[in-house]
Amino acid sequence: MAPLRVLELYSGIGGMHQALKESCTSAEVVAAVDVNTLANEVYKHNFPSTPLWAKTIEGITLKEFDRLSFDMILMSPPCQPFTRIGLQGDVSDPRTKSFLYILDILPRLQKLPKYLLLENVKGFESSSARNELLRTLETCGFKYQEFLLSPTCILTRFPDQHLEDLYKDKVTDKVREASSSLSSEEKNLDPSIGHDCSSKKSLPKGAFLFKLETVEEIERKHRQDNDSSIQMLKDFLEEENEEMSQYFLPPKSLSRYAFLLDIVKPTCRRSTCFTKGYGHYVEGTGSVLQTALDVQLESVFKHIEELPEEEKLVKLSTLKLRYFTPREIANLHGFPPEFGFPDKVTIKQCYRLLGNSLNVHVVAKLISILLG
């Protein structure tokens, strides 16, 4: 059988391409399309033989699409119009324009693709753009299935909590059969883990709440950290060395944002989603790592707000908090060790590019299910 001809739209650094490789599908990416110059450099660095179109999707004509004669579309459209913390401009956001153009082109292709996989964020599932997608799929005769997933839903070995909306579309029913098997793999977790990721029966009533967290948030973290089917973060970390000093949080960030940090230890089994603002913004952009393993988090935060700034900073410094390195975040996203970045790409740029990417293992599994 001839390899599948795959069109990769919004290709970024190549997360979809990497997932396609991991799925062991006999396939050829006939074109990857993205306007981000830096992302394209990383893509070329890792997939040098793939034709890369550095142009807008709206700039591709129907004839050009037809000439590619693709069997599958993989795409990850801009998520900013749909994110919960954004303006949620949806179809009125200019960044949705290219996606609507794809929906307009799809029914007019000389040959419809057999398969389509789309990834986006939580929020897309309730958008007008999603409704337009479903209308187009129905017009073209596709059957479809929608999933709202975190990697831990279907991968019991990875802690990255990047919640993804993954839409899979196929001409046969097999994807519907797959949906029930995915749900059955989700686990009920037992809340019996402490702040230091050590086991305990339950959170006592009136337990001390450090930082700006609710009881519910803490118990959710306990449940995640108690799921022994998920690897600990230490399995994804680089060896500590002199270069790690550049990743430690500066005093200004420590004193100003201490109560907003999501702090994890190497023995924890969870992290928050790493966004493109990681390393630049603090709140809601990703977890930070506590490298002083013998220091109890509660003892540091207890009554800390009553201390003078200098003493507060001394106490916080005992935790030895650092950012995850780009390599560690790539590991959590499922990129293999051989996946790399050109030397000219800065650490900040790596964070931005990885924050716009996806979980390779989740998409690889979905491609395998999609192809049945």
Side-chain angles (χ1 to χ4, degrees), residues 6-19 29 31-43 52-60 65 72-106 116-137 146-150 160 162-169 273-278 280-281 284-286 329 333 335 345 348-360 362-363 366:
V6 179
L7 172 62
E8 187 181 11
L9 300 175
Y10 311 99
S11 49
I13 61 174
M16 287 283 192
H17 193 147
Q18 192 64 58
V29 178
V33 185
D34 205 293
V35 292
N36 187 312
T37 308
L38 195 62
N40 287 344
E41 288 294 322
V42 179
Y43 193 104
L52 188 56
W53 294 13
K55 61 193 297 184
T56 64
I57 288 170
E58 305 97 297
I60 305 172
F65 276 120
M72 173 188 272
I73 300 176
L74 300 177
M75 62 172 155
S76 183
C79 64
Q80 293 90 341
F82 316 109
T83 53
R84 288 165 289 176
I85 57 171
L87 297 175
Q88 298 179 334
D90 202 343
V91 291
S92 63
D93 190 308
R95 289 166 290 193
T96 313
K97 188 180 175 185
S98 58
F99 178 60
L100 297 176
Y101 178 73
I102 295 164
L103 298 186
D104 177 63
I105 284 280
L106 194 62
L116 189 153
L117 187 146
L118 181 151
E119 178 271 342
N120 216 278
V121 294
K122 179 172 171 58
F124 183 83
E125 81 284 358
S126 57
S127 69
S128 297
R130 174 258 188 184
N131 295 339
E132 285 297 320
L133 169 66
L134 298 196
R135 272 193 286 272
T136 303
L137 294 176
E146 305 173 54
F147 292 97
L148 189 60
L149 298 172
S150 167
D160 183 23
H162 190 164
L163 191 63
E164 296 171 327
D165 241 337
L166 290 137
Y167 287 80
K168 311 197 308 302
D169 310 290
C273 172
F274 295 96
T275 73
K276 66 178 185 178
Y278 191 67
H280 182 62
Y281 299 108
T285 59
I329 296 174
H333 278 65
F335 286 95
V345 182
K348 184 179 176 181
Q349 288 170 334
C350 285
Y351 284 144
R352 286 185 67 82
L353 293 167
L354 285 164
N356 278 330
S357 194
L358 43 74
N359 189 289
V360 171
V362 171
V363 177
L366 289 173

Closest non-hydrogen atom pair, [X] against [Y]:
{"X": "Leu7", "Y": "Ala31", "result": "CD1-O, 3.6 Å"}
{"X": "Asp34", "Y": "Gly12", "result": "OD2-N, 2.8 Å"}
{"X": "Cys79", "Y": "Val121", "result": "CB-CG1, 3.5 Å"}
{"X": "Leu52", "Y": "Ser11", "result": "CD1-OG, 4.1 Å"}

Any side-chain heavy atom of [X] sitting closer than 4.5 Å to one from [Y]?
{"X": "Leu9", "Y": "Ile57", "result": "yes"}
{"X": "Glu41", "Y": "Val345", "result": "no"}
{"X": "Pro77", "Y": "Thr96", "result": "no"}
{"X": "Leu134", "Y": "Glu146", "result": "yes"}
{"X": "Ser128", "Y": "Val91", "result": "yes"}
{"X": "Leu133", "Y": "Phe99", "result": "yes"}
{"X": "Met72", "Y": "Leu74", "result": "yes"}
{"X": "Val42", "Y": "Asn40", "result": "no"}

Working to the nearest 0.5 Å, report the span between [atom1] of [X] and [atom2] of [Y].
{"X": "Ser127", "Y": "Asp93", "atom1": "OG", "atom2": "CG", "answer": "11.5 Å"}
{"X": "Tyr10", "Y": "Leu118", "atom1": "OH", "atom2": "CG", "answer": "8.5 Å"}
{"X": "Ser357", "Y": "Lys276", "atom1": "OG", "atom2": "NZ", "answer": "13.5 Å"}
{"X": "Thr275", "Y": "His280", "atom1": "OG1", "atom2": "NE2", "answer": "11.0 Å"}
{"X": "Tyr351", "Y": "Tyr281", "atom1": "OH", "atom2": "OH", "answer": "16.0 Å"}
{"X": "Phe65", "Y": "Ile105", "atom1": "CZ", "atom2": "CD1", "answer": "6.0 Å"}

I'd like to know whether Arg135 forms a side chain to side chain contact (heavy atoms under 4.5 Å, CB included) with Arg130, so could you lay out the CA-CA distance, the side-chain angles of the two residues, the decisive distance to 0.1 Å, and finally the verdict. CA-CA 9 Å; Arg135 272 193 286 272; Arg130 174 258 188 184; over 6 Å; no
Polar side chain donor-acceptor pair, Ser76 to Glu119, under 3.5 angstrom: yes
Is it true that Thr56 and Tyr101 share a donor-acceptor pair across their side chains at a distance under 3.5 Å? no
Give the C-alpha distance, both sets of side-chain angles, the deciding distance and a yes or no for side chain to side chain contact (heavy atoms under 4.5 Å, CB included) between Leu358 and Met16. CA-CA 8 Å; Leu358 43 74; Met16 287 283 192; 3.9 Å; yes
Show your working on side chain to side chain contact (heavy atoms under 4.5 Å, CB included) between Met75 and Ile102 and close with a plain yes or no. CA-CA 10 Å; Met75 62 172 155; Ile102 295 164; 4.0 Å; yes
What verdict does the side chain to side chain contact (heavy atoms under 4.5 Å, CB included) test give for Ile329 and Tyr278, after you've listed the backbone C-alpha separation in whole Å, the side-chain angles of each residue and the deciding distance to 0.1 Å? CA-CA 10 Å; Ile329 296 174; Tyr278 191 67; 3.7 Å; yes
His17-Tyr43 aromatic ring centre distance below 6.0 Å: yes
By salt bridge (charged side-chain N to carboxylate O under 4.0 Å, His left out) - contacts of Lys55 (at least two apart): Glu64
